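Chain A is the first sequence line, chain B the second, and so forth, proteins listed ahead of strands; every chain is numbered from 1. These figures come from a predicted structure and were not determined experimentally. Scope of the values below: all heavy atoms of this structure, side chains included, with no hydrogens, waters or symmetry mates.
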Amino acid sequence: MSNITITLPDKSIHTYDSSVTPLDVAESIGPQLAKDTVAASINGALMDVTVPIREDAELILHTGSSAEGHEVLLHSTAHLMAQTVKMLWPGSQITIGPAIKNRFYYDFDIEGTFSEDDLEKIEEKMREIAKENLPVFRQELDRDEAVNLFKERGENYKVEIIEQIDSADPISAYGQGDFIDLCRGPHVPTTGRIKHFKLLNTSGAYWRGDENNKMLQRIYGTVFSTKDALKDYLKFLEETKKRDHRKLGKELEIYTFDEEVGPGLPLWLPNGGIIIDELEALAKETETRHGYHRVRTPHLTKGDLYQKSGHLDLYKDAMYPAMDVDGIEYYVKPMNCPHHHKVYAALPKSYRDLPFRISEYGTCYRYEKSGQLFGLMRVRSMQMNDAHIYCSKADFDSEFMDVCKMYLEYFDIFGIEKYEMRLSLHDPEALGKKYINEPELWVETENAVRKALLDGGMNFSEIPGEAAFYGPKIDVQVWSAIGKEFTLATNQVDFAIPKRFGLSFTDVDGTEQTPICIHRAPLSTHERFIGFLIEHYGGDFPLWLSPTQVAILPVSEKTQSYAKIIEENFKGAGIRVKLDDRPEKIGAKIRQAELSKIPVMAIVGEKETANNTVSLRRRFIGDKGAVESNILLESLLSEIKQRSQAYHENQ
RNA sequence: GCCUACGUAGCUCAGUGGUAGAGCACUUCCUUGGUAAGGAAGAGGUCGCCGGUUCAAUCCCGGCCGUAGGCUCCA
């Protein structure tokens, strides 16, 4: 038998007999490693640990704690779960069961549904099978064999999948015990590798994600390589619930929903009103600096306008139905653009008027499907931080970059670091359907946007088929506390609608030109942005956004009148204060202020009254001792003016 | 919209085929207390809504509304 050399990630080179398996290699390094290894990369290709290596290779052994290994572990656990479900529900059919981030799921076609008790039953049985330590085997099949195998087993969904696999691709199946599943792999070598798992929840899911197809029953679960990692993950899930804006929004009295008002129609409580005011103040300041004009447009509009813009054709189902006014159909507005186009058109424009930038915190209404509503993140009435910029082609680059810079200015203020910028492009095959049929303009505009982004040194990824119907867009994606992805900011280039609206300007040479329109909403909607901020800050807003900025806490009623003087001073300076004059002990008042996440506490007792000071306590910092009240006032005003970041636990 | 689960006081949650309970919050009184809960009393509910079964329904059944976890969608 010939020898081969194996190069490990530490660059060490080892000699083995040809046909050595990654598992053998792991074994030769140490028995614990062999036990922990779930997959291997052989010359960069992810493989089972039981495949023989026949030539010199670079080898990476993956334990369940590497990214690749964890994915294999998740996927194998999905198989284990499917095997169990097939044992307990012999009439069920398996469909697909991939690994997703930190979790896996498997969709079953089953008579009835899974209950909570069923999950426990399945989990218990899974543990038994795992303990049996069944070997996991791989089987290469040709197309006919594969079709026959799964036909025999009554797995019609698998047959459907096989029929759609490219004929050039190999078909493989993985099995354990008498369970077998169509799968590309790789998988753990034995079921005993699967130890620390938990089934999480069930839900319905359409076959192939198409709502016209049958609804399958999905089970989600998770698995980790160690008990502690599993425990940490489950704890993380608990912790994220505490940051959920729906929970905090209620506790901090920011917003509420009322059944009698309607689903997806939030009521902003006074604390939420303050946050909105602050956000609008920031937006107004910023927009004024960037040369925007503010406009206001009505909530109702004749249907013809949306026919012209194309929205009615594409989005009628997501609009509130028309109301008949004097025999004419009116709609509540689902977006502001058509109105803004009309604002542009109100007066003739020359190149001297461009770029024409108009913004509006306009309230829009969209009939989102009921199952789609989600706290403040997805609502039916929303106030957009909307603006439209009309410019010439020559100005496009600098205008586009200015918008991107505005995003970054905002993100800096809010301390938003985890986001992804995506350039969404059109799909040439959907021209004339999902997208306006202007193939050359699409390519031209996309190139212009790409160039502007590259010139500006922005990091972004490109996604085909995600553009708006009238042009490419830049989306900024963020994630909610519970991991749901949201588009926070969006910026779209519109090369088509201005033409439809007959918008024009007189150029330097006297010719009439059509402007390009940039749609932008860097702060998303008030609803979504505040929902996001609640989670981003965990409810601990920076001073400038805090609904109550300072709690004034008299130690006893003896110092009540001095506390009132401080209250008046601070209020007069524009600070949002709350005087806690309940007949409670100071400890209770502090506790209440802490629970309400008020960032600054000014405690006033007899010492402070005598010296004209306050005792300062800051959240996450604690007692900072006596400060002259005027000095504190000045420093708070400056912190507010600068919109400084919030203090957090780690500070 | 679809699948599943849930809906009891302002909040968090017990509970029962004979029309309801706790803690916190609230009101009043006592206490005047120095950096995360002082004490007492009181008030507060058409048990989501509508219908059915029953002598009797908050509880069982059906429909609707709402919420949650997913699926699908997102100008």
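Separation of the C1' atoms belonging to B:G15 and B:G23 is 15 Å when rounded to the nearest angstrom. One C1' atom belongs to B:G39, the other to B:U32, and the distance between them is 14 Å to the nearest Å. Comparing B:A40 with B:G18, their P atoms sit 33 Å apart, to the nearest whole Å. Taking atom C1' on both B:C59 and B:A14, the two are 14 Å apart, rounded to the nearest angstrom. Remark: the separation of the C1' atoms in B:G45 and B:C13 is 15 Å, to the nearest Å. To the nearest whole angstrom, the two C1' atoms, one in B:G1 and one in B:U72, are 9 Å apart. Using P as the reference atom, B:U27 and B:A20 are 27 Å apart when rounded to the nearest Å.
Atom CD of A:Gln164 sits in a crowded spot, with more than 12 heavy atoms from other residues, nucleotides or ligands closer than 6.0 Å. Within 6.0 Å of atom CD in A:Gln383, more than 12 heavy atoms from other residues, nucleotides or ligands are found, so the atom counts as buried in its surroundings.
No side-chain donor-acceptor contact under 3.5 Å links A:Tyr320 to the backbone of A:Tyr331.
Looking at heavy-atom distances under 4.0 Å, A:Tyr470 makes contact with sugar-phosphate atoms alone, never a base. Within 4.0 Å (heavy atoms only), A:Gln492 reaches sugar-phosphate atoms of the nucleic acid but no base atom. Residue contacts for A:Ala318: at a heavy-atom cut-off of 4.0 Å it reaches a base atom on one of the strands shown. Residue-level contact check: A:Asn201 touches the backbone only, with heavy atoms under 4.0 Å from sugar-phosphate atoms and none from bases. Backbone-only engagement by A:Tyr367 is indicated by non-hydrogen atom pairs under 4.0 Å involving sugar-phosphate atoms exclusively. Nucleic acid contact class of A:Lys473 (heavy atoms, under 4.0 Å, all strands): sugar-phosphate only. Backbone-only engagement by A:Gly587 is indicated by non-hydrogen atom pairs under 4.0 Å involving sugar-phosphate atoms exclusively. Looking at heavy-atom distances under 4.0 Å, A:Leu314 makes no contact with the nucleic acid at all. Within 4.0 Å (heavy atoms only), A:Glu608 reaches at least one base atom of the nucleic acid.
A:Trp479 is listed as a side-chain neighbour of A:Glu420, based on a closest heavy-atom distance under 4.5 Å. Looking at A:Lys333 and A:Tyr306, their side chains come closer than 4.5 Å, going by heavy atoms from C-beta outward. The closest side-chain heavy-atom distance from A:Arg218 to A:Phe114 is not below 4.5 Å. Side chains of A:Leu616 and A:Val600 form a contact here, defined as non-hydrogen atoms less than 4.5 Å apart.
Residues from residues 331-339 of chain A that place a heavy atom under 4.0 Å from any atom of RNA chain B, listed by number: A:Pro334, A:Met335.
Taking only side-chain atoms of A:Lys607, from C-beta outward, the nucleotide of B:G34, B:U32, B:C74 with the closest atom is B:G34. For A:Glu557, the side-chain atoms get nearest to B:U32 when compared with the rest of B:G34, B:A36, B:U32. When each of B:A75, B:A36, B:G34 is scored by its nearest atom to the side-chain atoms of A:Val555, the top-ranked nucleotide is B:G34.
The side chain of A:Lys589 contributes no N or O atom lying less than 4.0 Å from OP1 or OP2 of B:G34. Of the side-chain N and O atoms in A:Arg582, none sit less than 4.0 angstrom from OP1 or OP2 of B:G38. Of the side-chain N and O atoms in A:Tyr220, one or more sit less than 4.0 angstrom from OP1 or OP2 of B:C71. Distances shorter than 4.0 Å separate some side-chain N or O of A:Arg246 from OP1 or OP2 on B:A68. The side chain of A:Arg218 contributes no N or O atom lying less than 4.0 Å from OP1 or OP2 of B:G69.
For the pair A:Glu466 and A:Ile590, nearest-nucleotide mapping onto RNA chain B gives the more 5' position to A:Ile590. Heavy-atom distances to RNA chain B give each of A:His311 and A:Phe257 a nearest nucleotide, and the one nearer the 5′ end belongs to A:Phe257.
The aromatic rings of A:Trp207 and A:Tyr157 lie perpendicular to each other, with more than 60° between the two planes, well past the 30° mark. Ring-plane geometry between A:His79 and A:His75 is classed as perpendicular, the angle between the planes exceeding 60 degrees on a 0 to 90 degree scale with a lower cut at 30.
For A:Tyr470 and A:His519, the ring centers are positioned less than 6.0 Å apart. Aromatic ring centres of A:Phe108 and A:Trp89: separated by at least 6.0 Å.
Judged by distance alone with a 3.5 Å cut-off, a donor-acceptor contact links the side chain of A:Arg378 to the base of B:C73. Interface remark: the A:Lys585 side chain does not form any donor-acceptor pair with the B:U31 base, using a distance-only criterion of under 3.5 Å.
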For nucleotides 2-8 of chain B, list the nitrogen or oxygen atoms of the protein found under 3.5 Å from its nitrogen or oxygen atoms, one pair per line.
unit_1: B:C2; atom_1: O4'; unit_2: A:Tyr206; atom_2: OH; d: 3.4
unit_1: B:C2; atom_1: O2; unit_2: A:Tyr206; atom_2: OH; d: 3.3
unit_1: B:C3; atom_1: O2'; unit_2: A:Gln217; atom_2: NE2; d: 3.0
unit_1: B:C3; atom_1: O2; unit_2: A:Gly204; atom_2: N; d: 3.2

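Under the side chain to side chain donor-acceptor pair (under 3.5 Å) rule, A:Thr487 has a single partner from A:Lys473, A:Gln477, A:Arg528, which is A:Gln477.
A salt bridge links A:Arg617 to A:Glu594: one of the charged nitrogens lies within less than 4.0 Å of a carboxylate oxygen.
At least one test fails for A:Lys434 against the ring of A:Phe469: distance under 6.0 Å to the centre or angle within 45° of the axis.
Consecutive pairing runs in RNA chain B reach the stem threshold at B:1-7 with B:65-71, B:10-13 with B:21-24, B:26-30 with B:38-42, B:48-52 with B:60-64, where a stem means at least three Watson-Crick or G-U wobble pairs with distances under 3.5 Å.
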